[in-house]
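Here's the structure we're looking at; comments come further down.
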Amino acid sequence: MNTPRIKFVLSRKPDASEITVHGWVRTRRDAKNICFFELNDGSCLANLQVVLDRGGSVADDDVKRLQTGARVEVSGVLADSPGSNQSVELHAQTIRVIGDSPADDYPLQKKRHSFEFLREIAHLRPRTNTFGAVSRVRNALSYAVHRFFQENGFLYIATPIITASDAEGAGEMFRVTTLPYEKIIATGAKVIDYSRDFFGKPAYLTVSGQLNAEIYACALERVYTFGPTFRAENSNTTRHLSEFWMIEPEVAFCDLSCNIDLAEAFLKYILSAALTECTADMEFFDLRIQKGIIDDLRAVIETKFARITYTDAIAELGGSGREFEYKPTWGVELQTEHEKFLTEHVVKGPVVVTDYPKDVKAFYMKQNDDGKTVRGMDVLVPRLGEIIGGSQREENLSVLENRIAELGLDRDAYWWYLELRKYGTVPHSGFGLGFERLIQYVTGMQNIRDVIPFPRAPGAADF
RNA sequence: UCCCCUGUAGCUCAGUCGGUAGAGCGGAUGGCUGUUAACCAUUAGGUCGUUGGUUCGAGUCCAGCCGGGGGAGCCA
């Protein structure tokens, strides 16, 4: 704990003093009289090369224990390295193997592994270059998310993870219960009495903190949430998880245009943070995972996001001459292929689609004067498609009440949501952004299951 | 939930027309005057996902089941 991290050691100038470092062996190369091995401690992508004179102070038996995966403590002197892959190296005087790693069955070898295989050994995959880099980027961006909002006067609000409101409608929900289902089934009961459940009514894991965030935005003006979110949808794709982290700002006195400005500034801030704070890791992603990703992100940072209404987007798609599997039709939600075509071929960069038909969007979106569309917006980016979805919220009490009635929703379930409009209502807006999708976009990792430490997906809750 | 692909050594894969199994990497052993995806030599390692079927004979053909991957829908 008190020994210097490798990241720090690598930045030091050689001197004669003895230092002690800890790390896991990544690779070892032996020559007749000399042995090289590399240590990694997760503090950075780079390894520290350790040089050991054979027949010196370290016994041969100990050298043989320096196998891939072993945890060791090394004391020695930092020196300039004649090799070309590192500027300094540690000339070992003593080594202590703290944890052996039998090489004949250690799953991680000094070679490339498929991500599919690594998912099966999620307890060991953070020891690889890729997952170390993903972890460091994820960490830096988590911090950057908070920093962005804190620097802009937002308050961090803890919205509930368990919700007794069945009113969210944003997807399938996981039920939270203490009812003994086995016993209930055994009695042959046809109906479950939720009044006897823990909360006295059905309860679920949250699918969004938005409605709760609106409460605080209507008091504190600028708020955000950043927490776990749960969707029980049976989705099996490279961009869905059952448990993921969502960022949801909510801002009073903010219309749709202001909301888009916020989303754009936010994304650019985060992308910049990745490039400036995780330079070595980003170079790794550029080299090994997604060629050109650094230039891609730089271009996004420097480009003003295009804006297009849904109606214009449909016209643009229809007139493109492109054959789509699903014909672009006004009144129908944009398909993934439409979104990707817009951002990758029409705009060739980030694009914000606004003013969707009200029937394809949620009840709370503010209605436009045309009576047909609502002030919703999706931010689309090349490679990924939709990365942010948001809207200006309906702040007019009677319009919102009518919409709830029109959709046949239970008005009583929204009593507090409606009271926000009854007392001191204010125009406000917000958006939601899946943190893992952001990490995917920034790193170029193809499967969302590889940008969260312990992915949960249908049929998959190991580790 | 639907569609497509896939399952062979620890890992990544090859395996032709159906005739009892191969490579590279990794491991072990030895060699090598500073290596860095080290290199050179030797060597061990397999119930071909699983159950059944066709056949004289199945890794190979067929069906079911299980696992993995990709795409779609839903969505963030």
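Any value given below was found using the heavy atoms of this structure, including those in side chains, with hydrogens, waters and symmetry copies removed. Numbers restart at 1 for each chain; the letters A, B, ... are given by sequence-line order, proteins then strands. Please read all numbers here as calculations on a predicted model, not as lab measurements.
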Establish, from distance only, whether the side-chain atoms of A/Ser257 and A/Asp255 form a donor-acceptor pair under 3.5 Å. no
Which pairs with one or both residues in residues 328-347 of chain A pass salt bridge (Lys or Arg N to Asp or Glu O under 4.0 Å), sequence neighbours excluded? A/Glu333-A/Lys361
Salt bridge or not for A/Glu38 and A/Lys110, using N-O below 4.0 Å? no
Readout for nucleotides 24-32 of chain B: B = base within 4.0 Å of protein heavy atom, S = sugar-phosphate only, - = neither; 5' to 3' it is BBSSS---B
Between B/G26 and B/A41, how far apart are the P atoms? Round to whole Å, please. 13 Å
Rounded to the Å, how far apart are A/Glu325 CD and B/A72 P? 9 Å
Distance test, side-chain N/O of A/Arg29 to OP1/OP2 of B/A38, below 4.0 Å: yes
From the candidates B/U36, B/G34, B/G73, the one with an atom nearest any side-chain atom of A/Thr237 is B/G73
So which nucleotide from B/A38, B/C74, B/G34 ends up closest to the side chain of A/Glu233? B/C74
Hunt down the Watson-Crick or G-U wobble partner of B/U42, both distances under 3.5 Å, from any strand shown, or write none. B/A28
Could you check whether the side chain of A/Ser235 and the base of B/C74 have a donor-acceptor pair of N or O atoms closer than 3.5 Å, going by distance alone? yes
Pair assignment for B/G7, Watson-Crick or G-U wobble, requiring both distances under 3.5 Å: B/C66
If you measure only the distance, is there a donor-acceptor pair under 3.5 Å linking the side chains of A/Glu89 and A/His91? yes
Could you tell me if A/Tyr364 and A/Gln210 have a donor-acceptor pair between their side chains, going purely by distance under 3.5 Å? yes
Please give the distance between the P atoms of B/C56 and B/U43 as a whole number of Å. 41 Å
Go through the side-chain N and O atoms of A/Gln150 and A/Tyr224 and say whether any donor and acceptor fall under 3.5 Å apart. yes
Can you find a side-chain donor-acceptor pair between A/Asp355 and A/Thr309 that sits under 3.5 Å? no
Nearest-angstrom distance, P atom, B/G49 to B/G15: 15 Å
The side chain of A/Asn447 lies closest to which of these nucleotides: B/C75, B/G69, B/C11? B/G69
What is the nucleic acid contact for A/Arg119, judged by heavy atoms within less than 4.0 Å: base, sugar-phosphate only, or nothing? sugar-phosphate
Is there a donor on the side chain of A/Glu89 or the base of B/G34 sitting less than 3.5 Å from an acceptor on the other? yes
Side-chain donor or acceptor of A/His240 under 3.5 Å from a matching atom on the base of B/C75? yes
What does A/Glu436 touch in the nucleic acid at a heavy-atom separation under 4.0 angstrom: a base, only the sugar-phosphate, or nothing? nothing
Using a 4.0 Å heavy-atom cut-off, does A/Phe117 contact any base of the nucleic acid, only the sugar-phosphate backbone, or nothing at all? sugar-phosphate
